[in-house]
Amino acid sequence: MNLLKKLKLTDYIIILVILILAGVGTFVVIKKKNFANLPVEKETAIQFDVFFRGITISDNKIPFEVDKDAFITIRNVPYTKLKITAIDGRQRMTTVAAANEAGFIIAPDASTPNLFDFIVKLEDKAKKTPDGYVVGGNKLKMGIPVVIEGERYRYSGTVSNIQEIDEIQNSEQPQPVEEPIK
C-alpha cells in the first residue's frame with residue numbers, strides 16, 4: 001500500500017501507456033493470424049493487366065516486348081520476373097469539336113506527340129482465397145500499384161484487370177448457336 005502512495009501522475013500515465021500498447025499488440029497479432037489463415041480455395045493461373053498512363057517515348061520504340069520477362073514489384077515489395085503476354089499501347093488522345101452527329105471527334109493529342117498509355121498483360125500462378133488472388137504473399141486487386149522493370153525501363157502503373165486463364169479460354173471459344181424454334 002505504501003508503494004501506491006509513492007507513485008506520481010507520470011508513473012500512472014507510463015503504466016497506462018504500457019497496458020494500451022500491450023493490448024494493441026495482442027490485437028494486431030490475433031488479426032494477423034486470422035488474415036494468414038484465409039483458406040486457399042485453389043491455385044490457378046491468372047492473367048492480369050497493368051495500366052501505365054503518360055509514358056513518354058522519344059525514340060519511337062516501345063519499351064515493352066511480348067514474350068520477354070520483366071521484373072515485377074507489387075506494393076513496393078520486389079516479387080519476381082513474369083512474362084509479358086500482350087501489349088496494347090496508344091498515343092494520348094483528345095477530343096476536338098467537329099460538325100458531326102456527336103459534335104466531337106477523338107484525335108491524337110498534337111500537343112504531346114510522345115506521350116502514350118499502355119496496358120501490359122502478365123501471367124502468373126496465384127492462390128485464390130475468399131478475399132481475392134494472392135501472388136508472392138501480396139493480395140492482387142485492381143488499383144494495386146505495380147512497377148515493371150526491364151533492361152531499359154522502369155515504369156509504375158496500376159492493376160486494371162485480373163482473370164483466371166480458364167475463364168479467358170472459355171470466353172474465347174465460340175458458343176454453339178441454337179436453331180430458332182419454328
Is there a side-chain contact between [X] and [Y] in this structure, where contact means two heavy atoms from C-beta onward sitting under 4.5 Å apart?
X: Ile165; Y: Ile46; result: no
X: Leu82; Y: Phe48; result: yes
X: Val159; Y: Leu140; result: yes
X: Val77; Y: Asn138; result: yes
X: Val50; Y: Ile119; result: no
X: Ile72; Y: Thr80; result: no
X: Arg75; Y: Val146; result: no
X: Asn114; Y: Ile57; result: no

Would Phe71 and Ile87 show up in the same hydrophobic cluster when neighbours are defined by side-chain heavy atoms closer than 4.5 Å?
->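 As far as the 4.5 Å side-chain criterion goes, Ile87 and Phe71 are not connected within one cluster.
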Hydrophobic cluster identity match, Met142 and Phe51, side-chain contacts under 4.5 Å |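 The answer is no; the residues belong to distinct hydrophobic clusters.
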Apply the hydrophobic cluster definition, ILVMFWY joined by side-chain contacts under 4.5 Å directly or through others, and give me every member besides [X].
X: Leu115; result: none
X: Ile18; result: Ile14
X: Val17; result: Leu9, Ile13, Leu21

Evaluate the side-chain contact (heavy atoms from CB on, under 4.5 Å) criterion for residues Thr44 and Lys127: first the C-alpha distance (whole Å), next the side-chain angles of each, then the deciding distance (0.1 Å), finally the verdict.
-> CA-CA 6 Å; Thr44 184; Lys127 295 177 181 175; over 6 Å; no
With rounding to the nearest 0.5 Å, note down the distance linking [atom1] in [X] to [atom2] in [Y].
X: Lys121; Y: Thr85; atom1: NZ; atom2: OG1; result: 7.0 Å
X: Leu122; Y: Ile84; atom1: CG; atom2: CD1; result: 6.0 Å
X: Phe116; Y: Met93; atom1: CZ; atom2: CE; result: 11.0 Å

List the steps and the verdict of ring pair (Phe, Tyr, Trp, His ring centres under 6.0 Å) for Phe64 and Phe118.
-> CA-CA 9 Å; Phe64 310 107; Phe118 286 96; 5.4 Å; yes
Ignoring hydrogens, what is the shortest heavy-atom contact between [X] and [Y]? Give both atom names and the distance.
X: Gly143; Y: Thr158; result: O-CG2, 4.0 Å
X: Pro39; Y: Pro130; result: O-CD, 3.2 Å
X: Ile105; Y: Ala98; result: CG2-CB, 3.7 Å

Which residue pairs pass the salt bridge (Lys or Arg N to Asp or Glu O under 4.0 Å) test when at least one of the two sits in residues 81-107, sequence neighbours left out?
->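 Sorted result for residues 81-107: Asp88-Arg90, Arg92-Asp117.
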Sequence neighbours left out, cut at 3.5 Å: what donor-acceptor pairs do the side chains of residues 147-156 make with other protein atoms?
{"residue": "Glu149", "atom": "OE1", "partner": "Arg154", "partner atom": "NE", "Å": "3.4"}

Which residues pass the side chain to side chain contact (heavy atoms under 4.5 Å, CB included) test with Ala107, sequence neighbours left out?
->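 Residues passing side chain to side chain contact (heavy atoms under 4.5 Å, CB included) with Ala107: Val96.
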If we ignore angles and hydrogens, is there a donor and acceptor under 3.5 Å between the side chains of Asp124 and Tyr133?
->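 Asp124 vs Tyr133: no donor-acceptor pair found between side chains.
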Any donor-acceptor pair under 3.5 Å linking the side chain of Asp11 with the backbone of Ile15?
->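 No: the side chain of Asp11 does not pair with the backbone of Ile15.
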Counting N and O atoms only, with roles assigned by atom type, does the side chain of Thr95 sit under 3.5 Å from a partner on the main chain of Ile106, one being a donor and the other an acceptor?
->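 Checked: no pair found.
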Hey, are Glu164 and Lys128 close enough for a salt bridge, meaning a charged N less than 4.0 Å from a carboxylate O?
->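 The answer is yes: the pair qualifies as a salt bridge.
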Any chance you could lay out the side-chain hydrogen bond (donor to acceptor under 3.5 Å, both in side chains) test for Asp109 and Ser111, step after step, and finish with the verdict?
-> CA-CA 5 Å; Asp109 190 353; Ser111 66; 2.7 Å; yes
